[in-house]
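Written below as structure tokens is the structure these notes are about.
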Amino acid sequence: MIEIVATFARWSQLVANLIIFGSCVFLAIAGQQRAVFESSWATRLERGFPWMVGVILIGLLGILATTTGEATGIVANTWRPGAWLEIVQQTRVGHMWATRAVFALILLAVILYLQHVYRVRWHYILCAGAAALPLIAGSLVSHSAAEEMSVISILPYALHILLAGIWFGALPAFLLIIFSKKEPDKPLDLLSIESLKKFSSIALPAMVIIIATGVIVADRMIEEDYHALVASSYGWLINIKLSVLAIVLVIAYRARSKWLPLFTQTSNVEQVQSGGEHLKKWVGIEFVLAVILVLLATILANTIPAKHAMVENWPYSFRFSIDATWDEPNVPLFFWSGVALFLMAAGSIWLGIKNNWEKKKKIGIPVALVVASAAVALPPLAIDAYPETYQNTPVPFDAISISNGSVFFAENCTTCHGPQGKGNGIAAKAFNPPPADLLTEPHTARHTAGDFFHWLTYGIAETGMPGFSSNLTEEDRWDVVNYMHAMSRGYQARLLSPQVVAEKPSIGPPIFSYFAHDGSSGYLKDFRQKKNVVLVLFTWPQSDERLEELKAAYSRLSELNTIVLAVPMNQLDNQEIMEIAEDIPFPVVTEGALEIKNSYILYRRTLTHPDILGEGIIPEHLEFLIDRFGYLRARLIPGIDENGWEDINFLTRQLVQLNSEKEILPPPSDHVH
């Protein structure tokens, strides 16, 4: 019940605020001729402003009450003013509510002032500015509040709501004008017609920007999870909102292009009356649909965004994927042919309007071309999907999971897929089709983690691959999925070298936790936004000289905001660890070393040493450079890389480069997708 009350409170205050803002903008535009302010429709419109502010204030009070009940988890607090005050004083949401309430009171003061002065145009500009303040403040308490607080971040939200107000808020004025008859055979006076034309001239560009900013806002809420558009509450709400918007656009187009011009382009009384009746009917419908749009927008603003929605059970037996199908024969040809047909559909709409085609032709040809476009372009992009396809992985992409997965893979998968996942196991020749190459082919990147989990659980029909649900637990299977992704990422990382490629972060390394000889402990993510990490995988005593070099240079590295973590690759007892760590100023990992080694040796391959045959060759020493944003940026393998970090000056130059870079991408995800 409290959710319904909260939604109604948010919706009612937003509708009232938009009407005041849009009406004032309308009056400011129409007010180029002062006589407008004496019109009966303008007077009636203004009379409603104080009542609208009352709705805003009551709605804000309802928002505070329901927010208090939801935030505290105590329903009774919904009715306790003392609890409201605590929320206002102690929370950011409360501070923003207070800001909105103050702005609403300022708006009330402006409106009451206007009630007692002779109207001039700037009064309505002032009123529109005052009405914009609560709307802008309101944009900071929806999903935009979860993002970085900056002008660039907030601007699309604020523009979207303000331009929506210009369109939606002006509709009551539009309706008041067309319902105010002066003569039976002339529904509107010339002044009112001129006012409608002025509004109509700005409505189209406003709607274009509304759509553009709406796309930006929706994209932020979806990111790459476009599948959620048809598998989450947020996605279906967007689809419904777009459908309603499409109807509104058709009505607006007809009103501007056909019915409104009848008042000035014809002297036929019957046509004028017909245009007036159509305007009354359809603009009334447009207003009702607009109210529904605002309701949908209110619900959307308080619904889990698509990018965070958990699609645990994909309801369709297929999905569309360009990544997984693009290299298949003729797929690009069919796709671009479909795009061409879609462009032809858009062109036919323009031709139909320009050449005044008959209604059936004007609608039928574009619809037929759009259907043909979908029929040509989409089927080649379709691949099989499963209930688990978009399931969020419950196990993070970390060293423990990858290390465990390597053991399960060796026990259950190498017979067919080979020790390195190349698809060349001892039993591979017995299968048709042969086992998938999980290493060098982009097979892993083209399919979701959920796809692999489904195959590991149930097998793949007609390929000979069995399911492993009987001998691997659910967590074990997710570990195998993480291991396969680590193999694939490791092969892609063969492009790495000791040289940092400027402004090109791309590889998210496995995360890990550790305990060190000096009593320190931590998590790789602890260094994000703080320090670069030089991760040293060493073999003792072969790496003795290199550790001495790093020891001597550590003060310089520390000055460059960098920490060194040393991870032994061979089994060492406590006495050996203490001998190695004597006088070493950086941590030597004692717990977690095996898991880190098993994960990071997968990133050992280079362009000159692809190492894809047999069991693979593990170097005795590897070093990885991870920037302060969590991305793997460079790698050193002594004996393979000719110009490496043995020259400490070369390493420091790489660190200077990394320190000069600003954040380019969001931090790497903790889970594979």
If only atom types and distance count, is the side chain of [X] paired as donor or acceptor with the main-chain N or O of [Y] below 3.5 Å?
| X | Y | answer |
| --- | --- | --- |
| Lys307 | Arg220 | yes |
| Asp611 | Ile617 | yes |
| Asn532 | Arg628 | yes |
| Asn482 | Pro396 | yes |
| Asp437 | His443 | no |
| Arg446 | Asp323 | yes |
| Ser403 | Ile400 | no |
| Ser373 | Leu369 | no |
| Trp167 | Met207 | no |
| Arg635 | Tyr603 | yes |

Rounded distance (nearest 0.5 Å) linking atom [atom1] of [X] with atom [atom2] of [Y]:
| X | Y | atom1 | atom2 | result |
| --- | --- | --- | --- | --- |
| Leu496 | Ile507 | CG | CD1 | 4.0 Å |
| Ile299 | Lys241 | CD1 | NZ | 11.0 Å |
| Lys530 | Phe629 | NZ | CZ | 14.0 Å |
| Ile563 | Asn561 | CD1 | CG | 10.5 Å |
| Lys531 | Thr562 | NZ | OG1 | 7.5 Å |
| Thr393 | His671 | OG1 | NE2 | 4.5 Å |

Is any side-chain heavy atom of [X] closer than 4.5 Å to a side-chain heavy atom of [Y]?
| X | Y | value |
| --- | --- | --- |
| Glu474 | Phe453 | yes |
| Gln499 | Phe650 | yes |
| Asn302 | Glu3 | no |
| Gln529 | Glu663 | yes |
| Glu623 | Val564 | no |
| Arg605 | Leu439 | yes |
| Pro380 | Phe335 | no |
| Ile601 | Met569 | yes |

Note to self: Under a 3.5 Å threshold, yes or no: a donor from one side chain and an acceptor from the other, between Ser406 and Asn598?
What the structure shows: no
Margin query: Would you say Thr457 and Arg477 are linked by a side-chain donor-acceptor pair, where the criterion is simply a distance under 3.5 Å?
Written below: yes
Classify the ring geometry between [X] and [Y] as parallel (under 30°), tilted (30 to 60°) or perpendicular (over 60°).
| X | Y | answer |
| --- | --- | --- |
| His227 | Tyr390 | parallel |
| Phe527 | Tyr514 | parallel |
| Phe318 | Tyr316 | tilted |
| His454 | Tyr386 | parallel |
| Phe452 | His485 | perpendicular |

Notebook entry, point to check: Taking everything shown except Glu462 itself, do over 12 heavy atoms lie less than 6.0 Å from its CD?
Noted result: no
Check: Are Met310 and Ile304 close enough, and set up right, to give a side-chain contact (heavy atoms from CB on, under 4.5 Å), and what steps lead you there?
Finding: CA-CA 9 Å; Met310 297 181 66; Ile304 297 174; over 6 Å; no
Next item on the list: Take Tyr226 and Asp219, measure what side chain to side chain donor-acceptor pair (under 3.5 Å) needs, and give me the verdict at the end.
Entry: CA-CA 9 Å; Tyr226 287 101; Asp219 182 66; 2.6 Å; yes
Next item on the list: For Ser337 and Val376, work out which heavy atoms get closest and say how close.
Entry: CB-CG1, 3.9 Å
Notebook entry, point to check: How far apart are the closest heavy atoms of Ala399 and Ser599, and which atoms are they?
Noted result: CA-OG, 3.1 Å
Check: Does Arg489 make a cation-pi contact with Phe397 (under 6.0 Å, within 45 degrees of the axis)?
Finding: yes
Checklist line | Test: Arg604 cationic atom under 6.0 Å from Tyr600 six-membered ring centre, within 45° of axis | finding: no
Checklist line | Residue of the set Asp451, Thr448, Asp384 for which side chain to side chain donor-acceptor pair (under 3.5 Å) holds with Thr389 | finding: Asp451
Notebook entry, point to check: Can Ile216 and His160 be said to form a side-chain contact (heavy atoms from CB on, under 4.5 Å), step by step?
Noted result: CA-CA 10 Å; Ile216 294 172; His160 187 70; over 6 Å; no
Next item on the list: Step by step, work out the side-chain contact (heavy atoms from CB on, under 4.5 Å) result for Trp478 and Gln391.
Entry: CA-CA 11 Å; Trp478 284 118; Gln391 193 173 112; 3.4 Å; yes
Margin query: Quick test of your reading of the model: are Arg633 and Glu661 salt-bridged, counting only N-O distances below 4.0 Å?
Written below: yes
